[in-house]
Amino acid sequence: MKPLTIIFLLLFVSCGTSKKENYTETIHWIKEYIEKTQESPFPTKAIITQYVYKGETVFLVEGCYQCPDSPGILYNKKKEQLCVFGGMVANSNNCPDFLNNATNKKVIWKSFK
């Protein structure tokens with residue numbers, strides 16, 4: 001094989017095998033949340049779900065998954081709070097378009113099986 005052909009093949013193969021970012025390790029506040037939840041003497045069903053919302057990667061953090069009185073909070077990568085869903089306060093969903101516009105749903109961590 002010619003050297004140019006080998007270089008082209010290597011570039012082609014490497015483009016298709018890019019690694020997905022592991023946000024549970026690379027975003028400090030997510031890693032810290034997971035560690036604190038795992039260390040808690042009071043186990044809870046917590047879950048972090050990743051979405052794309054309005055062109056941005058966001059994370060829905062539910063400290064008590066499927067608990068009607070516990071809110072879910074939507075953050076961006078910088079931990080800026082974007083939305084609050086559910087909880088004790090009636091009509092607390094301040095992002096009514098979220099379910100219709102959020103895409104690429106992916107659970108990135110949960111404390112239960």
Side-chain angles (χ1 to χ4, degrees):
M1 261 194 213
K2 294 181 181 180
L4 188 56
T5 304
I6 294 171
I7 291 171
F8 176 74
L9 285 173
L10 288 173
L11 287 173
F12 181 75
V13 170
S14 67
C15 287
T17 58
S18 64
K19 292 183 179 179
K20 300 275 184 189
E21 188 167 358
N22 181 357
Y23 293 122
T24 60
E25 292 295 324
T26 59
I27 297 180
H28 178 73
W29 70 265
I30 292 177
K31 185 176 181 178
E32 186 177 278
Y33 176 85
I34 291 169
E35 289 170 355
K36 286 183 179 182
T37 302
Q38 290 173 332
E39 293 170 359
S40 173
F42 307 104
T44 184
K45 287 175 62 176
I47 189 168
I48 302 173
T49 308
Q50 173 186 323
Y51 295 89
V52 174
Y53 177 61
K54 297 184 177 180
E56 182 177 17
T57 299
V58 295
F59 306 92
L60 179 60
V61 178
E62 298 174 83
C64 187
Y65 181 64
Q66 295 183 331
C67 298
D69 59 345
S70 179
I73 302 174
L74 190 71
Y75 296 101
N76 63 14
K77 289 181 182 179
K78 297 176 187 176
K79 200 182 179 187
E80 296 169 331
Q81 183 175 314
L82 306 174
C83 309
V84 177
F85 304 97
M88 299 287 285
V89 179
N91 300 316
S92 65
N93 179 356
N94 58 352
C95 292
D97 67 334
F98 179 76
L99 291 177
N100 292 328
N101 294 314
T103 61
N104 301 353
K105 178 180 179 180
K106 178 182 174 189
V107 173
I108 61 169
W109 178 81
K110 60 184 180 176
S111 65
F112 57 93
K113 292 184 179 189

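For the atom pair T26 OG1 and K77 NZ, the distance stands at 7.5 Å (nearest 0.5 Å). Once rounded to the nearest 0.5 Å, the distance linking NZ of K54 with CG of L82 reads 9.0 Å.
If you chain together hydrophobic residues whose side chains sit under 4.5 Å apart, I47 and Y23 never meet in one group. One hydrophobic cluster holds both I73 and I108 under the rule that ILVMFWY side chains link at heavy-atom gaps under 4.5 Å. Side-chain heavy atoms closer than 4.5 Å link hydrophobic residues (I, L, V, M, F, W, Y) into clusters, and following such links, even through other members, never connects Y65 to I34.
Residues C95 and Y53 approach most closely at CB-OH, 3.8 Å, considering heavy atoms. Across all non-hydrogen atoms, the minimal contact from Y33 to A46 is OH-CB, 3.7 Å. Taking every heavy atom of both residues into account, V58 and L74 meet most closely at CG2-CD1, 3.7 Å. The two residues K31 and T24 come nearest to each other via the heavy atoms CB-O, 3.4 Å. Nearest heavy-atom pair, K113 versus K110, reported as atom, atom and distance to 0.1 Å: C-NZ, 4.3 Å.
Applying the side chain to side chain donor-acceptor pair (under 3.5 Å) test to residues at least two apart or on different chains, none of the pairs has a partner in residues 38-51.
Of the options V61, I30, T37, a side-chain contact (heavy atoms from CB on, under 4.5 Å) to W109 is made by T37 and by none of the others.
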*Are W29 and F59 close enough, and set up right, to give a side chain to side chain contact (heavy atoms under 4.5 Å, CB included), and what steps lead you there?*
CA-CA 11 Å; W29 70 265; F59 306 92; 4.1 Å; yes
